[in-house]
Amino acid sequence: MCNHKPVCPSADALDHDAARLVAFHPEQGWGLLCNGVVVFDDNGELLPDGRSVPAHRIAVISAA
């Protein structure tokens, strides 16, 4: 699906989030990467084979 040079990581790669964004709908909270992964604004993902990746936000700890 990717025509970029160098080729973006596949949907099965650990760094699949590094693929280029080909469609973006911020009003709906999602974007499509060129490897077929749908990314959501809560950091959840939907892989092309239908598997879902739960939101993986980074916890911020304050040193107050």
Spell out, yes or no, whether Phe24 and Val37 are grouped together once hydrophobic residues are joined by side-chain heavy atoms under 4.5 Å, including indirect joins.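 As far as the 4.5 Å side-chain criterion goes, Val37 and Phe24 are connected within one cluster.
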Name each donor-acceptor pair under 3.5 Å that joins a side chain in residues 25-33 to protein atoms two or more places apart or in another chain, with its distance.
from: His25; atom 1: ND1; to: Glu27; atom 2: OE2; distance (Å): 3.3
from: Gln28; atom 1: OE1; to: Trp30; atom 2: NE1; distance (Å): 2.7

Take Val22 and Cys34 through the test side chain to side chain contact (heavy atoms under 4.5 Å, CB included) and record every step on the way to the result. CA-CA 6 Å; Val22 295; Cys34 69; 3.6 Å; yes
Is it the case that more than 12 heavy atoms not belonging to Leu14 sit under 6.0 Å from its CG atom?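 Counting neighbours around CG of Leu14, 12 or fewer heavy atoms of other residues, nucleotides or ligands fall under 6.0 Å, so no.
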Residues which pass side chain to side chain contact (heavy atoms under 4.5 Å, CB included) with Ala13, listed by chain and number, not counting sequence neighbours: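 Counting only residues at least two positions away or on another chain, Ala13 forms a side chain to side chain contact (heavy atoms under 4.5 Å, CB included) with Pro9, Ser10, Asp15.
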Review item, side-chain donor-acceptor pairs of residues 45-53, under 3.5 Å, at least two apart:
from: Glu45; atom 1: OE1; to: His16; atom 2: NE2; distance (Å): 2.6
from: Asp49; atom 1: OD1; to: Arg51; atom 2: N; distance (Å): 3.0
from: Asp49; atom 1: OD1; to: Arg51; atom 2: NE; distance (Å): 3.2
from: Asp49; atom 1: OD2; to: Arg51; atom 2: NE; distance (Å): 2.7
from: Asp49; atom 1: OD2; to: Arg51; atom 2: NH2; distance (Å): 3.2

